[in-house]
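Note that the structure is predicted; figures quoted are calculated from it, not measured. Protein chains get the first letters and strands the later ones, always in sequence-line order, with residue 1 at the start of each.
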Amino acid sequence: MPDKFLKPYDPVATEPRVYAEWAKSGLFSPDECVKQGVAKPDAPTFSMVLPPPNVTGRLHMGHALMLAVEDVFTRYKRMRGFRTLWLPGTDHAAIATQSVVEKQIKKDEDKSRHDIGREELLKRIETFASASRDTIIGQLKAMGASLDWSREAFTLDESRSRAVRTIFKKMSDDGLIYRGLRIVNWDPKGQTTISDDEIVYEERPAKLYTFRYAKDFPIPVATTRPETKVGDVAVAVHPDDARYQEYVGNEYDAVFCDVPIHVKIVADKEVDPAFGTGAVGVTPAHSMTDWDIADRHLLTQDRSVINEYAKMTVPGRLEGKKTAEARELVVAWLTSEGLLEKTEDIRQNIATAERTGGVIEPLPKLQWFIDVNKKIPGRDRSLKELMLEPVRSGEIRILPEYFDKTYFHWIEHLRDWCISRQIWYGHRIPVWYKGEEAVVGEKPDGEGWVQDEDTLDTWFSSGLWTFSTLGWPDETIDLGTYHPTDLLETGYDILFFWVARMILMTEYALGVVPFKTVYLHGLVRDAQGRKMSKSLGNNMDPLDVAAKFGADAARMALVVGNTPGTDMRMSEEKIKGYKHFANKLWNIARFVLSNTEEADPSAALIEGRDRDHIVKLDALAKEVSDDLDNFRGHLAAEKLYHYAWHELADVILEESKPILAGADHKAKASRQALLLTILDRTLRMLHPFMPFVTEEIWQSLPTKDAPHLMVARWPVVE
RNA sequence: GCGCUCUUAGCUCAGUUGGUUAGAGCGUUCGCCUCACACGCGAAAGGUCAAAGGUUCGAAUCCUUUAGAGCGCACCA
């Protein structure tokens, strides 16, 4: 028995060393597995892409969960002889990354991005992103992730950029991408548009004002934003509302707080007769629904009264004022004119930008969109239908299954996807202008071409991730071999952001699904069930956890009993429990090795009642394999834990003591072979969950039949 | 408003398609440094599976209703 077993297991000293040995072997790569004979050249494949972490800093426990689950399946498939690819990478995360760097610059130098300029800002972001990437890669390795580093990708590298340009051009040629004036979610703080999904609603107290535009105006109107009323072009009432029917069609002129307005009364079914006065002042330029109402009634839509800095643009006393200030001025004016009828306190949901916290100001802007309803030429289907079909048919299976309802619900309400952003970090829109001319795709030859200023929504490039990472648009061997991928494992919180976009992009570009199964994990919360966040200071850093308890312990704590789709609570206590388990394995090995030093490990020696233990273990192996085949790692882990501790240690080891000390040599030999066999198989099955400690022990076993446990054969009887 | 999920031992959660006395971890109580392990061993207490009704030979598991909690989407004039 090696001396190392005389001391308790030390994960901190062991884990980095073991990882380095794996990395050196090259066996994270399926090509190398084939070359070294641990996978057959024609073996079935199992492939997965790593959801690329944002290069905004460092990983949190949610990432650790993702890594643990994905590595479990990866290692399992690899041990079962699949040509297994788990492909790593990072995401440039446009807005998120830029806003982190911008904040830092603001703090350190009190400068805005406009003070610094596009080129310089990009340089700084790239430096930051590259440092983040290094940190993140270190964390991925510390968690034991068996990722194929030879294929590492980045959403903004040249190969991925080419994929982005290619698909943009294809979509544009198919008429699916268009540029149009629409109401967008403008974030005045971040100075960019954001998508509907990047909005967070915050409930705040607000005041609801009931007023008339003028003394002779027949209908009182309720609003929480009096300052926008200078942009009104109509008043909408419900078609069935008896109170106002006689006025529908009438038009009125008024001067509202120094601003001349022209208001028409229209009937629209969108109006809720029970809210306020049942009459809506229609402000097309600054409200999504009002824009649509104006659209239906052919009213002016471009009556803009607020600019990108959330300041008023109308002449008179409001000019140049911030909206909040303007609101007070309008209320004061209404009061002095005797037009204000009522002020009520209400609770209101305010749209804010997820990244910057800025209050969203809906503005009409010229933006790039993807049309999700238009039929794709030659396919007789819209992008929306492409997203719907594979999930509906079961070609893509979402786990837990109930999430497909959420998915359908979201798609049904999906509107055209605004893909342009007014930030600098990201894929620049591949459209080139010269005078009246515009060219989509690669930069045309000749002088004087200017590229579109905007960048693409970061999800545009991450939507390509399963195939851009495999070399698309080139017809690479990787693409043919590993795509569609088998499993996509990610958090349910990005089902729409990312999973749906991947299905859209892949179905569109390749006409196939990006993955066959979607495994959605839940959120990792703190011991009290709160979300982990910087402001609460309850974050756990996976590196700290690994340093304290070992990555194996952290992985087990994250995996055992953690059903997909369900949030979990994490605590140091829990992780500590699995550190103890790693030590338990260590001591089991110590016992077995010290009692079998001169023994023959051949399983053929096992006889009599000892065979029953093998039968039991075979049954467990079958169950665990079945669980893993069906992505029930949480059950498999629990069963193995229970077996190792309460069967192997508590029962088998205990009953072995008298046999090993006894005089019956045949029984002793059988028992010794049994112990070695069971320990060997248990370690194999635990390896996907606790790769480090199992590898470290297995290296000292006489049953060792491969260079690494990582590529040893999975012990299941077929 | 539309939709989804959850409610199982003191706490945190499992329980795969309905099938024998409902499980685990932590915690608690009692006894143990027994030559693998005190990061441990042995034993014990603890649950009308939210409530009511239904389907069934049989329900924590399926259906209906109710109550409470959480989440998503929409609205938010």
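Other residues, nucleotides and ligands contribute over 12 non-hydrogen atoms within 6.0 Å of the CD atom of A:E655.
Rounded to a whole angstrom, the distance from the C1' atom of B:U34 to that of B:C41 is 8 Å. When the C1' atom is compared between B:G42 and B:C33, the two are found 14 Å apart, to the nearest whole Å. A distance of about 9 Å separates the C1' atoms of B:G10 and B:G46, rounded to the whole Å. Using atom C1' as the reference point in both B:U64 and B:C73, the two lie 26 Å apart (nearest Å). With both ends at atom P, the span from B:U55 to B:A60 equals 16 Å, rounded to whole Å. Taking atom C1' on both B:U56 and B:G72, the two are 36 Å apart, rounded to the nearest angstrom. Look at the P atom in both B:U16 and B:C63: the space between them is 14 Å, to the nearest Å.
When only modelled atom types and interatomic distance are considered, A:E361 and A:H286 share no side-chain donor-acceptor pair under 3.5 Å. For the 3.5 Å distance criterion, the side chains of A:Y578 and A:N583 fail to qualify, holding no donor opposite an acceptor.
For B:U12, its base never sits under 3.5 Å from the side chain of A:R569 at any donor and acceptor pair. Applying the 3.5 Å distance criterion, the base of B:C37 shares a donor-acceptor pair with the side chain of A:K584. Evaluation of atom-type donor-acceptor distances gives no pair under 3.5 Å for the side chain of A:E412 against the base of B:A74.
In terms of position on RNA chain B, the residue among A:D567 and A:D627 whose nearest nucleotide sits closer to the 5' end is A:D567.
Each of B:G40, B:A14, B:U16 was ranked by its minimum atom distance to the side chain of A:H580; first place goes to B:G40.
Taking side-chain N and O atoms only, A:H413 has no distance below 4.0 Å to OP1 or OP2 of B:G1.
Put simply, the side chain of A:N630 gets close to the backbone of A:D626: a donor and an acceptor are under 3.5 Å apart.
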